[in-house]
Each structure stands twice: as structure tokens, then as C-alpha cells.
**Student:** 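Below: one structure in C-alpha cells.
Just so we're on the same page: letters track the sequence lines, and every chain starts at 1. When reading the values below, keep in mind they use all heavy atoms of this one structure, side chains included, and skip hydrogens, waters and symmetry mates.
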Amino acid sequence: MSIALSEQEIIRRESLQQLRALGINPYPAEAYDVTAWAQDITDNFEANPDNYKQITIAGRIMTRRIMGSASFAEIQDSTGRVQIYLKRDDICPTEDKTLYNTVFKKLLDIGDYVGVKGYVFLTQTGEISIHVQELDVLSKSLKPLPVVKREDDGTIHDGFTDPEMRYRQRYVDLTVNPEFKNIFINRSKVISAMRNYFNTQGWMEVETPILQPVHGGAAARPFATHHNTLDMQLFLRIANELYLKRLIVAGFDGVYEFGKMFRNEGMDRTHNPEFTAMEIYVAYKDYIWMMGMVEECLETVAKAVHGVPVVQVGPHEINFAGPYEKLSMYDSILKYTGIDVSAMDEASLRTVCADLAIEVDPSMGKGKLIDEIFSAKVEANLIQPTYITDYPIEMTPLAKKHRTKDGLVERFELFVNGKEIANAYSELNDPIDQRERLEEQLILAGRGDDEAMAMDDDFLRALEYGMPPTSGLGIGIDRLVMLMTNQSTIQEVLFFPQMRPEKKAKVATADDFINIGVPAEWVPVLNKMGFNTVEELKAGNPNKVFNDLGGMRKKLKLDITMPVKETVIAWFE
RNA sequence: GACUUGGUAGCUCAGCCGGUAGAGCAACUGACUCUUAAUCAGUGGGUCGAGAGUUCGAUCCUCUCCCAGGUCACCA
């Protein structure tokens, strides 16, 4: 945090004190009974004017236009903005005009929360406004909000656009750029639409451990932590798949979980270290059934957000109504490269990668090589929802072997707009096969693949008791929300995307200064004068510091007691 | 991780060949009883991301570092 206050912050703190001096609590404790909202007023006043003859509304002051003894201002609440009209003699019916002249005109600022009682009317220029009869201060804002000006035609002036500040201070972003709230409102709709759909089918929402002794269920580097009492290493989950399958073993027919996953890998516009996934497992089903379920689910979601199944994403109109195109992994590579890799061995695949200028490394097995070719040549072409099916067994240790095709597994991934958003299997429930497949992963790990899956003996024990045939699905919720809200970066669909810590100016704490005798209220002044550490202060000239303190006190109009000279000199001893 | 662009007032941005900075909005003082990017007159506000170097002198040139965006790589 910056220590020194800006001029505007000092003025706002003075206003705060003056409000208190007038007997106005700038942070009242009482509930404020709001009866109207901006959006409702602007939408419905003209049809039902009688409903708006005595209303109470609350929100932030966002603009002010003061014209002597009358003023207009805009109040922003959770639903939008509405103009208010204040007339000095209406809110100050007696001789005492303090509330208007001093409180409203001088002591209130853009960003302050106020409550207003009055009636709705139309101004001469036809704008729906509230004629204010009572004005209450609800919360004083001490930091100046960026002022974003909007014309009636939508032109924005002085937009608050710096992505770093928008993400670090999302509270400011959503206050001054309220249109971004729609992304998060739609995010909530995506999740609740899915949840409703699953519940309607009779499946149960569950919670499984985030702290796991073995990180299983996906190929990714984990975050490690330590439990003090048990004195053991724990990992933040990279997936919850193995726990949900344990619940299928336990006898539930359908279980699903929305939850944060954590992967200790790179960050970019489609990856955040923590992200939200939805996984669902349904007993007695297979991946073919799951395709139909996904189509129904995503169509429901798209309609919940947009009313129709067609969603505009960048330049594309994407139709989430099923059925979706189905293409096997090998056929998709054949379609987009003309090369049939279905019968190739590892050496031939390496040759193909070399011919296509795809970088590979020696730790990659056959499955990984095929995946590389797919990623490089096929993925970007899959704009409309497309199922890629029947993956090579090497890259999918948790899926059941294909019922007819040797060397493949029953798996599909759903690609939309060139990105994978869902992954599903006919789940492997043969415990002996599962053990062998995980052992192969250990061999890959031995070759240097640090993302190969770990052995989970308890999971294998569960399978040995018997898991019914089951189909499972995972959906990346953040990426789905990106699609449904037409956003190209994951940061825009996360309230608080991961950021590096803000740089702190190298400053001593206030206590360090207090310890050498500086009164607390003078510490910010010393900081403002450029003394950020006690050492810097002591290197200065005591007489000059004393004189400058007086100067700063005057310059900043500080209403605090000046220390005597002997006190200041004592700071230097 | 590589490359690249940027970091100047509370916000959005200018700043020429190196001579320690400007605008609009916001703020402050004043005027104004239907404005709406309100208007009019005046005023203040800046360790020019951090550190080092070159120089008589650095916001500007060089180097290192920090933060962010973009592209690529890695990665679901």
C-alpha cells in the first residue's frame, strides 16, 4: 500500500471529519430500507407512474452537475444508474441550508454511498429522475474513483482500461465498468443451469477432498503443501476424478461436483493456476450415452444465458444444439493432414512429427506423439462443437479399452472454437487392467515425464471391490463461460485472476517511526516528505525536518498538533 | 521460459535533437434553480516503475531488475 496520501485523499479525509463535526455519521450502523432500484425505475416508471410517488433508493454518487441552488447527480446501484434532482430549498426547508450547501456540495464526493427519498418525475429534457426530498450519507469513500464519462450514444471517455488495475482492483473495475458485471452474472447462470439440469436427472452434488495425499486423475504438476499435525505432505487436487469414482463404488448412481482444481503450471489467457471444473459420473452408462447428455446439457446452458442455443463467439456463430459432429482421433488427423497414423509405430510417428515441423522430445510415448500432431494440426479447425473420439490407449490410463478397436480407448473430448472444453470416458472399471495402466504411467514417469499419473493404491482397492460400468465427464467451467460470454481471456471470467504480488515501496512500518517517538499522525507526513525508512530520516538535518514539518502541515492543511522542536530533535538520537 | 510493447498527476494520455514536465476529466475556490461528456472564471496537484552507468545535466541514451499486456513455447 502506498503510504503517502494524495491531495484528493487528504481532502476526502477532511470532509469525513467535517461530516462528523456536523453530527453526521459517515458510516451509520442502521439498516437503510431501500424500496426502489435504478433499472426498475427506468424500465417501469412511465407505464406505472403511481408506483413511484414515494421511493427510497441507495447507491454511489457517480456524477454531479451542480448549478447553484439546484443540482443533478447520478446514483448507481446494483442494477444501474438513475439521475437524481436536488433543490436546495426542498431538502433544506428551514433557514438552515447546511445539508445542501455544505454536505452535498462540499463534503460529498463521487463514489460516496448515499440514500435518497423522493418521487420520480420527468425532467424538461425527458429524463426519468428522482426529485429528492431527503438525503442520507450511508458511506464515505476516501479514495477517488476513476471517472468514466459516457455519452448518450455510448461513447466512453477516459475509460478505466488498464488490465493490470482492472484485475487487481476488480471492485473498482466493476464499479466504473458495470457492463463487465454481466460476464459474472452469466457465469452464475451457466453453473446454475448445469446444476439444475443434473439435479432434475436425479444426480447428486457432492464434495470431495481438495487436500489429497496422492494427486491423481489427471496429468499435471501439483501444488504441494504440508500438514503440521499429521506431519505429512499433501497436494492441492489437480482433479477429483478418483474420489468421485470411489463414490460410484459406494453405490451412488450419479454424482457430480463443481470445484476448484489447482495446477502448478504456466499462466496465460486460457490458464489460471486455480480453475473451476465440473465432473460427473453416472453408473450403467457409456461414452456414447454421455455424448447425448452433453448435447442436452450445453443446449440448456446456452439457452439459459442467451435464450437460444446459438452463441456468437468472436467471428463465429456457434450452435450448441446437438447432435454434434463426431470424428475419431485418427480420422481427424487424416482429414486435416492427409496422413493415416492409425497403424504407425513410435518411430514412424517421430518421422511424421519431423516432417510436419512439430517439436517432440525423447520422453514422449506413442500416445503423446499422436496428441502433439493433433494439437498442432487439427485442434484449431474445430470451431463448431465436435467430438473427437477413440484415443490411443497410451495417453488415457483411466478409460476403458474400446469395445471393438484394438489399441484405443472409449473416450471423447468436445472441442468448440478450437479449444477443448470437455473430456469423457467409458470409465475403466477392470481393477487388474487399471493397475497395469497405472504401472505404465510409472514407466513414463521414469522416462522423465513429470506429469505422468501417480499410483493410487486406495483407488485400486476400491475398484477391486467392484465399480459398475460408468461413464464420466469433466467440463472446464471457465472455458465454457468464456464461450458463453464471448471472452477471449480467462482473466475476464474470473473475479480475481492470479497476479504477481504488487510491488511494495521499500518503507518502514508506521510502528518503526512510532518507536523512535514520532506521533502516528505524523508518519504519513514524513513519508510524504520522502522519508520512507527511519534510517533515511536520521540521515536528515533535524532543524530542516522540523521546519519542513511545519511547511507540510500548512501545505496539506493538516489539522494535527505540531510537535515541539525538542521532540523532533529527539527522533534523531 | 523466449520475443515484443508498455509503466509520466486520482483516471485516460501527450512530451521533438538530453536542459527535472503538459492536456482533458477528477480535485480545490467562485458563479449558476431542468443539467446530462453541464457550462463559465480562477487555483493547486508529479521521487516520469526501481536501481546503476554515460553526461556539466537523464522522463528521454545504455545496462540490470520489477510489474503488466500481446505473441510463441510449455500446459488442458
**Student:** Starting at the 5' end of RNA chain B, write a dot or bracket for each base, bracketing those in Watson-Crick or G-U wobble pairs whose two distances are under 3.5 Å and using | for partners on another strand.
**Tutor:** (((((((..((((.....[..)))).(((((.......))))).....(((((..]....))))))))))))....
**Student:** Would you check if there is a donor-acceptor pair between the side chains of A/Ser471 and A/Glu427 at a distance under 3.5 Å?
**Tutor:**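 Judged by distance alone, the side chains do not pair up.
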**Student:** Give me the distance, rounded to whole Å, that separates B/G18 from B/U71 when you measure between the C1' atoms they each carry.
**Tutor:**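 Roughly 33 Å separates the two C1' atoms.
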**Student:** Listed by chain and number, what are the ring-ring contact (aromatic ring centres under 6.0 Å, His included) partners of A/Tyr324, not counting sequence neighbours?
**Tutor:**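 Per chain and number, A/Tyr324 pairs via ring-ring contact (aromatic ring centres under 6.0 Å, His included) with A/Tyr387.
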**Student:** Is there a donor-acceptor pair closer than 3.5 Å between any side-chain N or O of A/Asn272 and the backbone N or O of A/Gln498?
**Tutor:**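 At least one qualifying donor-acceptor pair exists.
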**Student:** Between B/U35 and B/U47, how many Å separate the two C1' atoms, rounded to a whole number?
**Tutor:**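 To the nearest whole Å, 41 Å.
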**Student:** Would you call A/Arg350 and A/Glu372 a salt bridge, taking side-chain N to carboxylate O under 4.0 Å as the test?
**Tutor:**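 No, A/Arg350 and A/Glu372 are not salt-bridged.
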**Student:** Set out, line by line, the N/O atom pairs under 3.5 Å between protein and nucleotides 68-70 of chain B.
**Tutor:**
from  : atom 1 : to       : atom 2 : distance (Å)
B/A68 : OP1    : A/Arg500 : N      : 2.9
B/A68 : OP2    : A/Arg500 : NH1    : 3.2
B/A68 : O4'    : A/Glu164 : OE1    : 2.9

**Student:** Can you pull every protein N or O that's under 3.5 Å from an N or O on nucleotides 21-25 of chain B?
**Tutor:**
from  : atom 1 : to       : atom 2 : distance (Å)
B/G24 : N2     : A/Asp158 : OD1    : 3.0
B/C25 : O3'    : A/Lys149 : NZ     : 3.3

**Student:** Heavy atoms under 4.0 Å, any strand shown: does A/Arg12 hit a base, just sugar-phosphate, or nothing?
**Tutor:**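 If one applies the 4.0 Å heavy-atom cut-off, A/Arg12 turns out to touch nothing in the nucleic acid.
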**Student:** Nearest whole Å is fine: how far is B/U12 P from A/Asn177 CG?
**Tutor:**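 About 10 Å, once rounded to whole Å.
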**Student:** Less than 4.0 angstrom from a charged side-chain N to a carboxylate O is my criterion; do A/Arg269 and A/Glu492 meet it?
**Tutor:**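 A salt bridge is absent here (no side-chain N lies under 4.0 Å from a carboxylate O).
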**Student:** Are A/Leu327 and A/Thr389 close enough that some pair of their side-chain heavy atoms sits under 4.5 Å apart?
**Tutor:**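 Answer no - side chains too far apart.
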**Student:** Is the base of B/C66 syn or anti, where syn means the angle lies within 90° of 0?
**Tutor:**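 Anti, which is what one calls it when the glycosidic angle falls more than 90° from 0.
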**Student:** Look at the side chain of A/Glu379 and the backbone N and O of A/Phe374, then say whether any donor-acceptor pair between them is shorter than 3.5 Å.
**Tutor:**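 No; judged by distance alone, with no hydrogens or angles, the pair does not exist.
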**Student:** Rounded to whole Å, how long is the line connecting atom CG of A/Asp112 with atom P of B/A27?
**Tutor:**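 It works out to 11 Å between those atoms.
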**Student:** How far does the C1' atom of B/G45 sit from the matching atom of B/G24, given to the nearest Å?
**Tutor:**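 Per the computed distance, 15 Å lies between those C1' atoms.
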**Student:** Nearest-Å distance, CD (A/Gln8) to P (B/U43)?
**Tutor:**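 That distance rounds to 18 Å.
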**Student:** What pairs with A/Tyr336 under ring-ring contact (aromatic ring centres under 6.0 Å, His included), at least two apart in sequence or on another chain?
**Tutor:**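 Per chain and number, A/Tyr336 pairs via ring-ring contact (aromatic ring centres under 6.0 Å, His included) with no residue.
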**Student:** Is it true that A/Lys149 and A/Asp158 have a side-chain N and a carboxylate O under 4.0 angstrom from each other?
**Tutor:**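 No salt bridge links A/Lys149 with A/Asp158.
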**Student:** Does the cation-pi check pass for A/Arg166 over A/Phe180, that is, NZ or CZ under 6.0 Å from the six-membered ring centre and within 45° of its axis?
**Tutor:**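 The answer is yes; both the distance and angle limits are met.
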**Student:** Give me the distance, rounded to whole Å, that separates B/U33 from B/G7 when you measure between the C1' atoms they each carry.
**Tutor:**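 Comparing C1' positions in B/U33 and B/G7 gives a spacing of 46 Å.
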**Student:** Rounded off to whole Å, could you give me the CG-to-P distance for the A/Leu5 and B/A27 pair?
**Tutor:**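 Distance check: A/Leu5 CG to B/A27 P gives 18 Å.
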**Student:** Quick one: does A/Glu7 reach the base of B/A27 with a side-chain donor-acceptor pair under 3.5 Å?
**Tutor:**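 Absent.
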**Student:** Within the supplied structure, the quantity of interest is the number of heavy atoms (other residues, nucleotides, ligands) at a distance under 6.0 Å from A/Arg150 CZ; does it exceed 12?
**Tutor:**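 More than 12 heavy atoms, drawn from other residues, nucleotides or ligands, come within 6.0 Å of this atom.
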**Student:** Of the candidate nucleotides B/A27, B/C11, B/C13, which contains the atom at the shortest distance from the side chain of A/Met165?
**Tutor:**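 Shortest atom-to-atom distance from the side chain points to B/C11.
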**Student:** Do A/Tyr391 and A/Glu413 have a side chain donor and acceptor closer than 3.5 Å?
**Tutor:**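 Per modelled atom types, A/Tyr391 and A/Glu413 side chains form a pair under 3.5 Å.
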**Student:** Give me the distance, rounded to whole Å, that separates B/C74 from B/U5 when you measure between the P atoms they each carry.
**Tutor:**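 So the two P atoms sit 24 Å from each other.
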**Student:** Report yes or no: is the cationic atom of A/Arg237 (NZ for Lys, CZ for Arg) closer than 6.0 Å to the six-membered ring centre of A/Phe223, at no more than 45° off its axis?
**Tutor:**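 No - A/Arg237 does not lie over the ring of A/Phe223 by the 6.0 Å and 45° rule.
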**Student:** Below 4.0 angstrom, N of the basic side chain to O of the carboxylate: do A/Asp478 and A/Arg187 qualify?
**Tutor:**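 Salt bridge present between A/Asp478 and A/Arg187.
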**Student:** Can you check the distance between B/C32 and B/G22, where both ends of the measurement are the P atom (answer in whole Å)?
**Tutor:**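 Approximately 33 Å lies between the P atom of B/C32 and that of B/G22.
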**Student:** When rounded to the nearest Å, what value does the distance between C1' atoms of B/A27 and B/G44 take?
**Tutor:**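 The same atom, C1', in both gives a distance of 9 Å.
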**Student:** Sticking with atom P, work out how far B/G46 lies from B/U39, rounded to a whole angstrom.
**Tutor:**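 After rounding to an integer number of Å, I get 26 Å for this pair.
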**Student:** Check the interface with nucleotides 31-35 of chain B: list each N/O to N/O pair with the protein under 3.5 Å, or write none.
**Tutor:**
from  : atom 1 : to       : atom 2 : distance (Å)
B/C32 : N3     : A/Ile66  : O      : 3.3
B/C32 : N3     : A/Gly68  : N      : 3.0
B/C32 : N4     : A/Gly68  : N      : 3.3
B/C34 : O2'    : A/Gln124 : OE1    : 2.4
B/C34 : O2     : A/Gln124 : N      : 2.7
B/U35 : O2     : A/Arg65  : NE     : 2.7
B/U35 : O2     : A/Arg65  : NH2    : 3.4
B/U35 : O2     : A/Gln83  : OE1    : 3.3
B/U35 : N3     : A/Gln83  : OE1    : 3.0
B/U35 : N3     : A/Gln83  : NE2    : 2.9
B/U35 : O4     : A/Gln83  : NE2    : 2.7
B/U35 : O4     : A/Thr123 : OG1    : 3.0

**Student:** Ring-plane angle category for A/Phe72 and A/Tyr85, please: parallel below 30°, perpendicular beyond 60°, tilted otherwise.
**Tutor:**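 Tilted: the ring planes of A/Phe72 and A/Tyr85 meet at 30° to 60°.
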**Student:** Would you mind telling me which residue lines up with the more 5' stretch of RNA chain B, A/Gly159 or A/Lys106, judged by nearest nucleotide?
**Tutor:**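 On the 5' side of the pair lies A/Gly159.
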